[in-house]
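Let me begin by presenting the structure, written as structure tokens, before commenting on it.
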Amino acid sequence: MEKRFVYADNSATTRVSDEVLKSMLPYFTEHYGNASSIYKLGRDAQKDIETARGKVAKALNASPSEIFFTSCGSESDNWAIRGVCEKLAPKGKKHIITSVFEHHAILHTCQYMEKHGYEVTYLPINEQGFVNPEDVRNAIREDTAIVSIMYANNEIGTIQPIKEIGAICREKKVIFHTDAVQAVGNVPIDVQEQNIDILSLSGHKIHAQKGIGAIYIKKGISLPNLIFGGAQERNKRAGTENVPAIVGLGTAIEIATSNIPEKTKKVTAMRNRLIDGLLKLPRTRLNGSRENRLAGNCNISIEGVEGESLLLKLDLNGICASSGSACTSGSLDPSHVLLALGLKHEVAHGSLRLSISDETTDEDIDYILEVVPRVVEQLRAMSPLWEKIIKEEK
Ligand SMILES: *Cc1c(COP(=O)(O)O)cnc(C)c1O
């Protein structure tokens, strides 16, 4: 088969779509006003920010006054945790509940809070990759300030029982935050129906640009600022608005949430072909449940290969993929998510995440299914670890 370029790392970031780019371009050249200025050029920019805010709100079934633009998903996560903690500290609420397999934007913020006198409960996941809502219920205490459980995991794609967790938090009167960066545009989200109080999202995972995010904060919850300065975002988040990025996020979220069922059907079929094809290799396993999984996520462990070597070989063949998460690449620690699933270190090391999108084609899948087995065979042929595995089998 002829060499192709296949981008299969959409959980790390996505291409800016043509429609998104087109909607953004005028804001670099003609509509470059500062949204705080009083002349028409500025007022128009403000109007277009509000239009984008309306689109984000609609995508979540929230009201526009509940949406604030931020610089990224990480900022939204930081703001949610730190904001709620600071707000509720005077009431003596200094306990946080989260899970072991959150994104580092949550985990590292929680570790920071621990250094500042907060106690954090890290709930486990089961071997299928799900948090048990009853564990949330049992962990809630008098002094719990916030529960933060991600909507869908970025490495193994498992979609959490958010509505149930939200209902428990509502019953117990604890604020519920969800990092929905991977879920937005892939799973129907309704913050009201799903009992969500605060939600983080990011542009670059849904075909908008990097460096733009948003947070939904339910009416009635007022968080202290994370960033101080001017009066932007109704005094809650300072910094001159990134108008092109905000407009692009509006376009992206409108498109991403307009056709979720069709997209899911198409992408799931390709994803299943990928999983079934790769599991034909001996000594492989799918990480995380096949049910309630993001349509585009395939994460498998391949014994006897080392993730980094596999990625380099795939890169030489034009395939962009990931092992563990992009944030931990460069470190040799195996992914905290795979370890939380109960994988042994050496099995977690040989993991491959392929995350496809609706831009992926059947030919791309054919190509991956041709290249990966060939490369795995080459790597195993020179792996002392594989030799040992084979010997032990006999
Ligand atoms: C990518 C990602 C983030 C971080 O978003 P940025 O916009 O890159 O800061 C947070 N949480 C999850 C689950 C993600 O996948």
Side-chain angles (χ1 to χ4, degrees), residues 1-17 103-104 153-157 182 202 204-207 209-211 267 270-271 273-288 294-338 343 345-386:
M1 200 181 266
E2 211 174 308
K3 185 175 168 185
R4 301 170 71 89
F5 175 76
V6 177
Y7 186 74
D9 205 13
N10 287 279
S11 293
T13 196
T14 58
R15 189 179 81 90
V16 172
S17 73
H103 190 274
H104 284 136
N153 183 267
N154 46 304
E155 291 190 40
I156 55 175
Q182 293 288 337
S202 174
H204 75 105
K205 306 283 172 74
I206 56 169
H207 300 286
Q209 68 157 76
K210 294 158 191 64
V267 178
M270 286 192 285
R271 193 271 322 269
R273 201 152 72 79
L274 204 51
I275 293 176
D276 292 333
L278 294 177
L279 288 184
K280 285 194 188 126
L281 285 164
R283 301 200 72 121
T284 49
R285 55 163 276 162
L286 177 67
N287 294 318
L294 290 175
N297 179 290
C298 167
N299 186 317
I300 59 164
S301 286
I302 307 172
E303 285 185 52
V305 306
E306 209 272 303
E308 309 282 307
S309 327
L310 181 57
L311 293 189
L312 291 175
K313 285 261 190 196
L314 293 182
D315 187 29
L316 287 175
N317 284 282
I319 299 174
C320 303
S322 130
S323 172
S325 81
C327 318
T328 49
S329 66
S331 101
L332 281 176
D333 293 334
S335 137
H336 67 287
V337 175
L338 298 180
L343 265 63
H345 274 241
E346 64 269 23
V347 177
H349 260 304
S351 77
L352 174 66
R353 180 188 72 185
L354 296 155
S355 44
I356 61 171
S357 79
D358 53 338
E359 295 192 345
T360 309
T361 64
D362 282 316
E363 289 72 31
D364 292 336
I365 304 294
D366 291 339
Y367 183 68
I368 296 173
L369 288 177
E370 195 222 59
V371 173
V372 174
R374 176 156 47 83
V375 166
V376 166
E377 201 175 311
Q378 288 167 1
L379 289 171
R380 280 177 170 174
M382 46 191 205
S383 157
L385 184 62
W386 181 245

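Side-chain atoms of His207 and Asp358, non-hydrogen and from C-beta on, do get closer than 4.5 Å to each other. Using a 4.5 Å heavy-atom threshold, the side chains of Ser323 and Leu310 count as separate. At least one side-chain heavy atom of Asn287 sits less than 4.5 Å from a side-chain heavy atom of Leu338. Side chains of Val305 and Leu352 form no contact here, defined as non-hydrogen atoms less than 4.5 Å apart.
Of all the heavy atoms in Asn299 and Ser351, the pair that sits closest is OD1-CB, 4.1 Å. Pairing each heavy atom of Lys205 with each of Thr14, the nearest pair is O-CG2, 3.4 Å. Between Ile356 and Ala8, the closest heavy-atom pair is CG2-CB, 4.5 Å. Taking each heavy atom of Arg380 and Pro282 in turn, the nearest pair found is NH2-O, 2.9 Å. The two residues Arg353 and Glu155 have their closest heavy-atom pair at CD-O, 3.6 Å. Minimum heavy-atom separation, Ser309 to Leu379: CB-CD2, 3.9 Å.
For Glu359, the CD atom counts as densely surrounded, since its 6.0 Å shell holds more than 12 non-hydrogen atoms of other residues, nucleotides or ligands.
Judged by distance alone, the side chain of Lys313 and the main-chain N or O of Val371 form no donor-acceptor pair under 3.5 Å. Between the side chain of Arg273 and the backbone N or O of Asp362, at least one donor-acceptor pair lies under 3.5 Å. Of the possible donor and acceptor atoms, one in the side chain of Ser355 sits under 3.5 Å from a partner among the backbone N and O of Ser11. Side-chain atoms of Ser322 never come within 3.5 Å of backbone atoms of Asp9 as a donor-acceptor pair (strictly under, hydrogens ignored).
Here the options are Leu314, Ile319, Asn317, the test is side-chain contact (heavy atoms from CB on, under 4.5 Å), and the partner is Ile368; only Ile319 passes.
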Exercise. Under the side chain to side chain contact (heavy atoms under 4.5 Å, CB included) criterion, do Asp364 and Met270 qualify, and how do the steps go?
Worked result: CA-CA 9 Å; Asp364 292 336; Met270 286 192 285; over 6 Å; no

